[in-house]
Amino acid sequence: MRRMTARPANAHQARLLRLLRDGGPNSRAQLGDQIDLSRSKLAVEVDRLLETGLVVADGLAASRGGRRSHNIRLAPALRFLGVDIGATSIDVAVTNAELEVLGHINQPMDVREGPVAVFEQVLAMAAKLKASGLAEEFDGAGIGVPGPVRFPEGVPVAPPIMPGWDGFPVREALSQELGCPVLVDNDVNLMAMGEQHAGVARSVGDFLCIKIGTGIGCGIVVGGQVYRGTTGSAGDIGHIQVEPDGRACACGNRGCLEAHFSGAALARDAEEAAQQGRSPELATRFEAAGRLTAADVAAAAAAGDATALGLIREGGNRTGQVIAGLVSFFNPGLVVIGGGVTGLGHTLLAAIRTQVYRQSLPLATGNLPIVLGELGPAAGVTGAARLISDHLFSPA
């Protein structure tokens, strides 16, 4: 049975819902201070929201000198599902209406196995969270995928690292299976929304969020809103050329940033270094496991391995060159670096910062923080919940 969640009737109700989501329970008086409505009009809108069941009374507020106002909060039973599908793993979480993560599970999964296999896994993980008592049903779900998405339809479009996904109706298929509204977006946009809601970008209106994982992408936030471009492909920086006639890329071109530095590229370079005898540390790890990952490179670098440190610095330099161009063009107030490869830590961050501060003009970089994300794997699922709540907390 499809779960039908009430929607706000107008922009004032939508604003009230978002204030309660972002700020938690609040009094009518304090809400009135934040929204441009007369006391009588505010009372009408709050009462209508109470009738929908989207908000509930939550006791008396502290006195402000007169009659005590009533607190209101979003309905405690509201539940959102956040799904972050990566190239090699899936994160699924349940949140309440304030987007607090109530339960979060992660499982390995190769996105190249195709949408049917991946969504069987997603649905099994969602069912596990429901069975634990965290949710009876879901009021909405946000889904992130590691490739370009035609946003209005929720359909991936020719994603380079997702064979078999081109044109697959993700939004429609999962909405039918979950019985609730679903929105689909590129995973790095959701990471940006997660860091904006509960992470390092909470107070920043214009920022870039760079995700370095199996691939590389950029979430662009302008005036507090994700900018997706005309067709949804804004921020696809992994396919900016950094080396003319360089390595072949999964997209079909040569010399893309993603082909020279990403989780997959770093693992390939590390294995080559191990096989050529340039790194005893990496060679030992390769011999033990038969393969290397970015985590192995991070561990080798932490042990002082010069080759591993060199690979990280070289990748950071290339990434920093691209980010420097973005900074010169966009003039953001913050650059956030996230994704699986951020396990490489401050060696990577230092190389990126050096390139950006060297290449971009002082007016753009004088007060520009370049920082690691705060939320880690929770950023994507929090952003996914934020995405669907933005939709449901908008007038129908």
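Between Arg28 and Asp47, at least one side-chain N (NZ, or NE/NH1/NH2) sits under 4.0 Å from a carboxylate O, which counts as a salt bridge. A salt bridge links Arg318 to Glu314: at least one charged side-chain nitrogen sits closer than 4.0 Å to a carboxylate oxygen. Using a 4.0 Å cut-off between a side-chain N of Lys or Arg and a carboxylate O of Asp or Glu, Arg278 and Asp269 do not qualify as a salt bridge. Classification of Glu271 and Arg268 as a salt-bridged pair fails, no side-chain N sitting under 4.0 Å from a carboxylate O. The residues Asp22 and Arg18 are annotated as not salt-bridged, no charged nitrogen and carboxylate oxygen being separated by less than 4.0 angstrom.
When atom types are taken as modelled, the side chain of Thr365 and the backbone of Leu368 share no donor-acceptor pair closer than 3.5 angstrom. The closest donor-acceptor contact from the side chain of Asn96 to the backbone of Glu100 lies under 3.5 Å. At least one donor-acceptor pair closer than 3.5 Å links the side chain of Ser175 to the backbone N or O of Cys180. Remark: the backbone N or O of Arg254 is paired with a side-chain donor or acceptor of Gln241 at under 3.5 angstrom. Side chain of Arg7 to backbone of Ser394: a donor-acceptor contact under 3.5 angstrom is found. In this structure a side-chain-to-backbone donor-acceptor pair under 3.5 Å is present from Gln196 to Gly224. With Glu195 contributing its side chain and Val200 its backbone, the two residues share a donor-acceptor pair below 3.5 Å. Of the possible donor and acceptor atoms, none in the side chain of Arg353 sits under 3.5 Å from a partner among the backbone N and O of Leu348.
Going from atom CG of Asp33 over to atom CG of Leu19 covers 11.0 Å, rounded to the nearest 0.5 Å. Taking CG of Asn106 as the start and CG of Asp91 as the end, the distance is 4.5 Å to the nearest 0.5 Å. Atom CD1 of Ile210 is separated from atom CD1 of Ile237 by 4.0 Å, given to the nearest 0.5 angstrom. Put simply, CG on Leu363 and CG on Asn331 are 6.5 Å apart, with the number rounded to the nearest 0.5 Å. Between the CD1 atom of Ile323 and the CD1 atom of Ile337 there is a distance of 4.0 Å, given to the nearest 0.5 Å. Distance CD/Glu258 to CG/Asp236: 7.5 Å, rounded to 0.5 Å.
Thr95 has its side chain out of reach of Thr382: every pair of non-hydrogen atoms, C-beta onward, lies at least 4.5 Å apart. Looking only at side-chain heavy atoms (C-beta outward), Met193 and His197 stay at 4.5 Å or farther from each other. Contact check for Pro377 versus Ser89: no side-chain heavy atoms found under the 4.5 Å cut-off. Residues Leu344 and Leu266 have side chains in contact (heavy-atom distance under 4.5 Å, counting atoms from C-beta outward). The shortest distance between side-chain heavy atoms of Ile161 and Arg112 does not fall below 4.5 Å. Using a 4.5 Å cut-off on side-chain heavy atoms (C-beta onward), Ile72 and Val46 make contact. Counting only heavy atoms from C-beta outward, the side chains of Thr319 and Asn317 never approach each other to under 4.5 Å. Counting only heavy atoms from C-beta outward, the side chains of Tyr357 and Ile370 approach each other to under 4.5 Å.
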Exercise for review: For the pair Val149 and Val157, evaluate side chain to side chain contact (heavy atoms under 4.5 Å, CB included) and give the outcome as yes or no after the intermediate values.
Suggested key: CA-CA 6 Å; Val149 173; Val157 180; over 6 Å; no

Check your understanding: What's the verdict on side chain to side chain contact (heavy atoms under 4.5 Å, CB included) for Val170 and Leu174, showing C-alpha distance, side-chain angles and the deciding distance?
Key -> CA-CA 6 Å; Val170 175; Leu174 276 183; 4.3 Å; yes

Review point. Do Arg285 and Asp296 pass the salt bridge (Lys or Arg N to Asp or Glu O under 4.0 Å) test, and can you show the C-alpha distance, the side-chain angles, and the key distance before you say yes or no?
Key: CA-CA 7 Å; Arg285 289 174 172 274; Asp296 292 309; 3.3 Å; yes

Practice item. Would you check, one step at a time, whether the test salt bridge (Lys or Arg N to Asp or Glu O under 4.0 Å) holds for Arg150 with Glu153? Key: CA-CA 6 Å; Arg150 195 161 57 238; Glu153 294 86 11; 3.2 Å; yes

Practice item. Show your working on side chain to side chain contact (heavy atoms under 4.5 Å, CB included) between Leu74 and Glu98 and close with a plain yes or no. Key: CA-CA 8 Å; Leu74 293 172; Glu98 285 91 9; 3.9 Å; yes

Point to revise | Worked check of side chain to side chain contact (heavy atoms under 4.5 Å, CB included) between Val55 and Leu20 | key: CA-CA 9 Å; Val55 303; Leu20 291 169; 3.8 Å; yes

Practice item. Test His239 against Asn253 for side-chain hydrogen bond (donor to acceptor under 3.5 Å, both in side chains), laying out the working first. Key: CA-CA 8 Å; His239 301 288; Asn253 292 321; over 6 Å; no

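A cation-pi geometry, defined here as NZ or CZ lying under 6.0 Å from the six-membered ring centre and within 45° of its normal, does not hold between Arg79 and Phe138.
Hydrophobic clustering of Ile, Leu, Val, Met, Phe, Trp and Tyr side chains at less than 4.5 Å, counting indirect connections, keeps Val381 apart from Ile105. Residues Val83 and Val184 fall within the same hydrophobic cluster, defined by Ile, Leu, Val, Met, Phe, Trp and Tyr side chains chained together at heavy-atom separations under 4.5 Å. Leu309 and Leu372 are assigned to two separate hydrophobic clusters, defined by single-linkage of ILVMFWY side chains at heavy-atom distances under 4.5 Å. Ile388 and Met191 fall into different hydrophobic clusters, where Ile, Leu, Val, Met, Phe, Trp and Tyr residues are linked whenever their side-chain heavy atoms come under 4.5 Å apart, directly or through other members. Hydrophobic clustering (ILVMFWY, side-chain heavy atoms < 4.5 Å, transitive): Val94 and Leu375 are in distinct clusters.
Of all non-hydrogen atoms in Gly238 and Cys256, the two that sit nearest each other are O-CB, 3.4 Å. Closest heavy-atom contact between Leu178 and Ala141: CD1-CB, 3.8 Å. When all heavy atoms are compared, the tightest approach of Ser389 to Phe80 is CB-CE1, 3.6 Å. In plain terms, the two heavy atoms of Ile216 and Ser262 that are nearest each other are CG1-CB, 4.2 Å. When every heavy atom of Ala259 is checked against every heavy atom of Ala248, the shortest pair comes out as CB-O, 3.8 Å. Here the closest non-hydrogen pair linking Val188 and Asn186 is CG1-OD1, 2.6 Å.
The environment of CG in Asn10 is crowded: more than 12 heavy-atom neighbours from other residues, nucleotides or ligands sit within 6.0 Å. Other residues, nucleotides and ligands place more than 12 heavy atoms under 6.0 Å from the NE2 atom of His391. Within a 6.0 Å radius of CZ in Arg247, more than 12 heavy atoms belonging to other residues, nucleotides or ligands are found. The 12-atom threshold is not exceeded at CD of Glu287, counting heavy atoms of other residues, nucleotides or ligands nearer than 6.0 Å.
Legend: residues meeting side-chain contact (heavy atoms from CB on, under 4.5 Å) with Gln359, ordered by chain and number and at least two apart, are Gln321, Ala324, Gln355.
With Thr88 as the partner, the side chain to side chain contact (heavy atoms under 4.5 Å, CB included) test is satisfied by one option alone out of Thr214, Asp110, Thr293: Thr214.
At a cut-off of 3.5 Å, with distance as the only test, no side-chain donor of Asn71 or Ser27 sits close to an acceptor on the other residue.
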Can you give the donor-acceptor pairs under 3.5 Å from side chains of residues 118-133 to other protein atoms, not counting sequence neighbours?
| unit_1 | atom_1 | unit_2 | atom_2 | d |
| --- | --- | --- | --- | --- |
| Gln121 | NE2 | Gln107 | OE1 | 3.2 |
| Lys130 | NZ | Glu137 | OE1 | 3.4 |
| Ser132 | OG | Leu129 | O | 2.6 |

